[in-house]
Amino acid sequence: MKKDNLKYILVFAIAIAFTACSKDYLNVEPKGTQLEENFYQNADDALAGLIAVYDQVGGASGGYINKFSATLAASDDHFAGGGSATDVNGLQVISNYTLDPAVGPQGDLWDRGFSGVFRANVMISKLPEIPMDEDLKKRYMAETKFLRAYFYFDLVRFFENIPLFETPLSGGQIYNVTQADPADVYALIIKDLTEAIEGLPNSVPVETEGGRVTVGAARSLLGKVYLQNKEYTLAAQQFENVNGTPGGTSQYGYKLLTNYSDLWDFDNKQNSESIFTVNHTGAANWGDWGCIACAEGNWLNTMSGPRNYNRNDDTAPDYFSGWSFFVITPELESVMNGDPRYDRTIVNIQALEDAGLASYEKGYQNTGYFLNKLLPLQSDVNPGGVDFGNFDQNMYDIRLADTYLMEAEALVMANTNMSRAQELLDVVRNRVGLASVPVTMESIKFERRMEFVGEGQRWFDLVRWGDAPSALAFKGFTAGKNEILPIPLLELENTLIEQNQEYGGTR
């Protein structure tokens with residue numbers, strides 16, 4: 001199967017396989033494959049269709065590449081690492097910026113994004129005719145429109161020139177698809193999110209629906225879209241609605257956790273700082289080495305661990321051995337040294353070995369520094385899960401400290417309400433015991449870097465700020481090219497899709 005080709009994605013979107021997905025609230029047994037025309041007959045079918053859309057959030061299409069792994073490898077905070085210079089080659093080439101249309105992470109990112117879009121479009125087209133409670137239907141429609149906007153936002157940020165689909169396509173239509181003006185893509189994203197806000201709940205019961213979309217998530221994503229497009233006043237308005245009084249509890253129940261380290265407790269899911277997360281469970285997996293994408297656990301935990309780690313003394317942490325990806329760069333370690341968030345962000349495995357407390361295999365690009373936010377202990381292992389994805393840790397896509405600092409950024413860039421911008425910056429710093437510093441774009445940039453290491457925010461931030469060419473020059477980043485990815489080579493075969501100019505095309 002040519003997994004990177006839109007026509008193949010379309011086939012798999014229409015013949016939806018309703019399997020359990022990586023959302024805590026969606027623990028359903030696999031039901032096999034049902035053709036789309038025979039489905040969507042009742043409320044249960046509608047829920048299964050919604051599950052299928054959610055299942056594309058944060059996942060990988062067939063390998064170890066998703067939005068998080070790709071942007072970690074691409075940023076200045078991490079090297080790709082791993083076992084060799086070709087280990088998960090898509091991550092290696094984005095880490096050293098030698099990617100081209102044939103080799104890179106773009107196929108997986110394109111595949112995941114458009115699989116989500118196609119599934120959302122089927123759901124949006126079918127929902128109006130399903131006999132079910134109208135309020136529930138309205139909510140499902142709102143969730144689906146949020147998710148379509150979510151997928152399109154990642155796609156347009158990664159590729160810029162992408163096709164725009166608002167309705168399901170037949171197999172024959174896919175060959176005549178052309179790319180849209182990015183402004184039109186953003187217009188649909190804003191429309192979807194604006195409409196979603198009207199049908200979403202303000203909150204959900206965490207025990208049964210934790211991870212499902214709420215008004216706060218939709219407003220947060222809408223704020224990110226406006227920020228990306230430099231519409232600072234509109235962005236600030238959305239973030240203020242979500243954030244409320246800095247340091248207090250917002251109208252949606254959001255509040256900064258008192259202890260920063262608690263954010264990374266595997267059991268502390270859907271906490272008061274969570275706005276939108278990628279949910280995982282390692283308790284039961286249908287994935288195996290033949291279907292990595294089927295795993296419901298967080299395989300980034302396994303990727304991040306040191307190779308063949310062994311402790312020689314009981315005083316050393318009992319880390320789970322992994323594959324040594326996303327090692328911390330010495331530059332970040334130096335910049336972060338002394339920050340209160342250091343110990344929960346970075347662990348120096350080399351220092352443990354030097355002290356005789358542990359040993360480990362030196363992987364590719366080893367620095368000795370590993371990402372502690374994702375580093376699991378043996379006690380975190382779920383025995384029932386598959387060995388590459390048996391961890392429960394959720395990934396934050398949007399959390400409250402993020403929306404605080406994005407609102408501060410929008411206010412500074414708009415040069416308005418600087419006192420509120422100062423408050424927003426202060427409460428994020430005060431949470432970890434740091435004193436106030438004057439709010440400027442530079443202080444916000446620094447704070448975002450220290451706060452969100454390993455969370456998939458840094459690369460997008462650098463590109464949005466225009467700082468990527470200088471920050472990533474040591475990795476080979478080319479200004480005016482590497483801000484976006486190439487269109488996957490297979491997408492150009494027998495289609496009207498054109499390659500981006502940055503990669504030798506005409507678009």
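Hydrogens, waters and symmetry mates play no part in the numbers below; they use all other heavy atoms, side chains included.
Comment: Glu143 does not engage Arg148 in a salt bridge, judged by the lack of any side-chain N to carboxylate O separation of less than 4.0 angstrom. For the pair Arg157 and Glu483, the salt-bridge criterion is not met [side-chain N within less than 4.0 Å of a carboxylate O]. Salt bridge annotation for Lys445-Glu409: absent, with no cationic side-chain nitrogen under 4.0 angstrom from a carboxylate oxygen. With salt bridges taken as basic N to acidic carboxylate O contacts below 4.0 Å, none links Asp461 and Arg449. For Lys475 and Asp76, the salt-bridge test fails: no basic side-chain N is under 4.0 Å from an acidic carboxylate O. Using a 4.0 Å cut-off between charged side-chain N and carboxylate O, Arg139 and Glu209 make a salt bridge.
Sorted by first and then second residue, the salt bridge (charged side-chain N to carboxylate O under 4.0 Å, His left out) pairs involving residues 230-246 (not counting sequence neighbours) form an empty list. For residues 257-267, every residue pair satisfying the side chain to side chain donor-acceptor pair (under 3.5 Å) rule, not counting sequence neighbours, is listed here: Tyr260-Lys373.
Evaluation of the side chain to side chain contact (heavy atoms under 4.5 Å, CB included) rule for Thr329 yields Phe79, Glu331, Leu332 as partners, not counting sequence neighbours. Take Phe276 and apply the ring-ring contact (aromatic ring centres under 6.0 Å, His included) test, not counting sequence neighbours, and it matches Phe146, Tyr150. Annotation: side chain to side chain contact (heavy atoms under 4.5 Å, CB included) contacts of Thr403 (sequence neighbours excluded): Ser220, Phe239, Val242, Asn243, Ile275, Ile398, Leu400, Met406. The salt bridge (charged side-chain N to carboxylate O under 4.0 Å, His left out) search around Lys224 returns none, not counting sequence neighbours. The salt bridge (charged side-chain N to carboxylate O under 4.0 Å, His left out) search around Asp318 returns Arg311, not counting sequence neighbours. The salt bridge (charged side-chain N to carboxylate O under 4.0 Å, His left out) search around Arg399 returns Glu273, Glu451, Glu455, not counting sequence neighbours. Partners of Glu160 by salt bridge (charged side-chain N to carboxylate O under 4.0 Å, His left out), not counting sequence neighbours: none found. Looking at residues two or more places apart in sequence or on another chain, you find a side chain to side chain contact (heavy atoms under 4.5 Å, CB included) between Asn348 and Gln350, Ala351, Tyr369. Partners of Glu423 by side chain to side chain contact (heavy atoms under 4.5 Å, CB included), not counting sequence neighbours, listed by chain and number: Pro246. Judged as a ring-ring contact (aromatic ring centres under 6.0 Å, His included), and not counting sequence neighbours, the contacts of Phe159 are Trp110.
Residues Trp459 and Ala74 share a closest heavy-atom pair of CD1-CB, 3.6 Å. Considering every non-hydrogen atom in both Leu99 and Pro486, the closest pair reads CD1-CD, 3.7 Å. Nearest heavy-atom pair, Ile65 versus Ala70, reported as atom, atom and distance to 0.1 Å: CG2-CB, 4.3 Å. Scanning both residues, Lys145 and Ala196, for their nearest heavy atoms gives CB-CB, 4.5 Å.
Side-chain N or O atoms of Thr249 include none that pairs as donor or acceptor with a backbone N or O of Gly253 at under 3.5 Å. A distance-only check finds a donor-acceptor pair linking the side chain of Gln365 to the backbone of Gly81 [under 3.5 Å]. Checked by atom type and distance alone, the side chain of Ser324 never pairs as donor or acceptor with a backbone atom of Pro306 at under 3.5 Å. Side-chain N or O atoms of His280 include none that pairs as donor or acceptor with a backbone N or O of Asn394 at under 3.5 Å. A donor-acceptor pair under 3.5 Å is absent between the side-chain atoms of Asn366 and the main chain of Lys362, judged by distance alone. Under a 3.5 Å cut-off, the side chain of Asn372 and the backbone N or O of Asp343 do form a donor-acceptor pair. A donor-acceptor pair is defined here as one N or O able to donate and one able to accept, closer than 3.5 Å; no such pair exists between the side chain of Tyr64 and the backbone of Leu300. With hydrogens and angles ignored, the 3.5 Å screen pairs a side-chain donor or acceptor of Ser95 with a backbone N or O of Ala73.
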### Message
Quick one, Trp323 with Tyr364, criterion side-chain contact (heavy atoms from CB on, under 4.5 Å). Give me CA distance, side-chain angles, the key distance, then yes/no.
### Response
CA-CA 10 Å; Trp323 303 334; Tyr364 179 60; over 6 Å; no

### Message
Set out, in order, the CA-CA distance, both residues' side-chain angles and the distance that settles ring pair (Phe, Tyr, Trp, His ring centres under 6.0 Å) for Phe391 and Phe320, then state yes or no.
### Response
CA-CA 11 Å; Phe391 297 102; Phe320 180 84; 5.0 Å; yes

### Message
Under the criterion ring pair (Phe, Tyr, Trp, His ring centres under 6.0 Å), I'd like the reasoning laid out for Tyr309 against Tyr360: C-alpha separation, chi angles, the key distance, then a yes or no.
### Response
CA-CA 4 Å; Tyr309 175 86; Tyr360 72 110; 7.7 Å; no

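The side-chain contact (heavy atoms from CB on, under 4.5 Å) test with Ile484 is passed by exactly one of Asn500, Val463, Val156: Asn500.
Between Thr144 and Leu50, some side-chain heavy-atom pair lies under the 4.5 Å cut-off.
Stacking of Lys269 on the aromatic ring of Phe266 is not recorded, the 6.0 Å distance cut-off and the 45° axial limit not both being met.
Note on ring orientation: taking the six-membered ring where Trp is involved, the planes of Phe326 and His78 are perpendicular (angle over 60°, cut-offs 30° and 60°).
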